[in-house]
2 protein chains.
Amino acid sequence: MTAEGKAVTTPASPPLTERQEARRRRILHASAQLASRGGFDAVQMREVAESSSVALGTLYRYFPSKVHLLVATMQDQLQHMHTTLRKRPPAAEEPAARVAETLMRAFRALQREPHLADAMVRALTFADRSVSPEVDTVSRLTTAIILDAMGLDAPPTAEQLSAVRVIEHTWHSALITWLSGRASIAQVKIDIETVCRLIDLTAPPESSGSRRS
Amino acid sequence: MTAEGKAVTTPASPPLTERQEARRRRILHASAQLASRGGFDAVQMREVAESSSVALGTLYRYFPSKVHLLVATMQDQLQHMHTTLRKRPPAAEEPAARVAETLMRAFRALQREPHLADAMVRALTFADRSVSPEVDTVSRLTTAIILDAMGLDAPPTAEQLSAVRVIEHTWHSALITWLSGRASIAQVKIDIETVCRLIDLTAPPESSGSRRS
DNA sequence: GGATAATGTAGAACAAGTTTCAGACTTGAT
DNA sequence: ATCAAGTCTGAAACTTGTTCTACATTATCC
C-alpha cells in the first residue's frame, strides 16, 4: 500500500491545456537531457528554454527557479523508478533486505546517469523554503517506495516511519558523498545496508495480535 | 581518543605570515557574521570582502569560491564546538545515549544561529568535487566528535565506523529538512535518537576478550 | 639597501540566474 | 466573430559569483 491514495503527481492547481502540458513535458525533457550531459551546472536556464523552444520568461512561469525545475525533474524520474520497481518487487524475504535491495537497484540506475543524479540530488538538498512543497512531494514519493519495498501487511508504526525517515536521510546524504567523490560505491552499499538494520530493530513484535498472515 | 592525532586544523601548506593570518581570520569572521544575518544568500562575496577590508581578488585567493569560504567557516565553528563539548562530556551511560545527547547539544547550538547553520550546511551539501578535501576535513571533525561522545575504550570496529557514518548522514540530512522548514525540532530529535540505536546494534560483544577495564 | 618575486588593491569585465516589459498570440465567453 | 483576459515571445536589464588586468605594497634573498 502506497503511503497516499491521492495522486502524488498532480498538485492539480489550474488544469493545463494540452499545449501547456506539452510545453511542460518538453521543458522537463530538456532539463533531464542537459543534466545527463554535465550535471547541475550544465542545466542553464537559457539553454533549457532554447532546447525546449520556449521563451525564458515562459520557462520561469512554469518553474520559478532552476532548483524548482530540477526538483520537478527528480519527481518525474522518481515516478518512473517507482513504477519500474513495482513491476519487479525485491526478492528477499526480510523487510530490511528488501529495502536494501530496492535502494541498491535505484542506486545502480543512478549510476547509469551520474550527471543527472548530480543535478537532481544537488538541487534537492540545496532547495530552500520556497521549494518545500515540491521537495516534500519527492520525499513522500521516496517514502512510498521504501514502504512498498518493506512489504508490510499492516500499516507502519510510528517507529517504523522514523526508521524510514532515517533511511531516507542516509540515502540522500550517501548519494551526495558518492557524487562528490568522497565515498565509493562500495561505501554507499555498506551505509545502506547498515541503516536498513534499523528496520529489523523497529519491527513490531511478531505475534502481538495485529498481524495478518 | 580523537580519531586523528594530527591536527585536523592545519593543512599546513605554505605557512602564513601574521598579517595573512589576520586577514584570513577577518574574512572568516565577516563570513560568519553575514551568514548569521541572512543565511547562505546573505553571504555575498563583495560584502565579505568589504566587511573584512580586503580586495575581492584577495578574498578569492584565500577562498577560491563562496562554498569554500562557507565550508571553512563551518570548520572553524566545528572546532569551537568540539572543544566546548570536550569540556562537558555527555552525562549518559550508554554510548548511544551519549551520542544522541551530544548531537542534540550541537543542534541546540545551531538553533541559536539558524541562519548561520543554514549557510554552512547548505554550502556543505552543495559542495562539488573541487571542495572535497575541505568537506572531508569537516567530515573527519564530525566523526571525531561522535567517536568522542561514544567514549569507547577500544578503537572502533569497522561496523561501528559504519554506524557513525550513517549517523553523520542522518545528522546532515535531518538538519537540512529542519532548515528548510520541512521537519520540526522534535522530528529531528526523534531521527537522531532513532539512528543512534545503531550504536547499540554494532557494539562488539561485551566479554569477547579484547576489552580494556 | 636594492632587485625581484609574491601578494594585495581597485575596478572593469564576464557568466548565468532572475526579472521586467512591450507587443503578439490563444483561449473562453458572449 | 469579437472582445477581454490570460499566456507566450524576444530582448534587455539587473544581480551576484567569478575572473582578469594594471598597478601598488610587501617579503625575501643577495
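Treat the numbers as computed from the prediction; the structure is a model and nothing was measured. All chains are named by letter (A, B, ...) in the order of the sequence lines, taking the proteins before the strands, and each is independently numbered beginning at 1.
When rounded to the nearest whole Å, the span between OH of B/Tyr62 and C1' of D/dT18 equals 19 Å. Counting to the nearest Å, the P atom of C/dA10 and the CZ atom of B/Arg61 are 15 Å from each other. One interatomic measurement links the two molecules: CD1 of A/Ile27 to P of D/dT7, which rounds to 14 Å at whole-angstrom precision. Atom pair B/Glu21:CD and D/dT26:P shows a separation of 19 Å (rounding to whole Å applied). Taking atom CG of residue A/Leu59 and atom P of nucleotide D/dG10, one finds them 13 Å apart after rounding to whole Å. Atom CD in B/Glu47 sits about 13 Å away from atom P in D/dT15, given to the nearest Å.
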Contact state string [nucleotides 12-30 of chain C, B base, S sugar-phosphate only, - no protein heavy atom under 4.0 Å]: -B--BBBB-------S---
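Side-chain N/O atoms of A/Glu168 and A/Thr143 include a donor and acceptor closer than 3.5 Å.
Classification of A/Glu101 and A/Arg105 as a salt-bridged pair holds, one side-chain N sitting under 4.0 Å from a carboxylate O. For the pair B/Asp41 and B/Lys66, the salt-bridge criterion is not met [side-chain N within less than 4.0 Å of a carboxylate O]. Checked for salt-bridge contact, B/Glu50 and B/Arg46 miss the test: no charged N lies under 4.0 Å from a carboxylate O. With respect to the salt-bridge test (charged N to carboxylate O, under 4.0 angstrom), the residues A/Arg197 and A/Glu193 do not qualify.
Every residue two or more places apart in sequence or in another chain that forms a side chain to side chain donor-acceptor pair (under 3.5 Å) with A/Asp118 is listed here: A/Arg122.
Contacts of B/Phe63 with the nucleic acid, taken as non-hydrogen atoms under 4.0 Å apart, are absent.
Between B/Gln20 and C/dA6 there is no side-chain polar atom (N or O) within less than 4.0 angstrom of OP1 or OP2.
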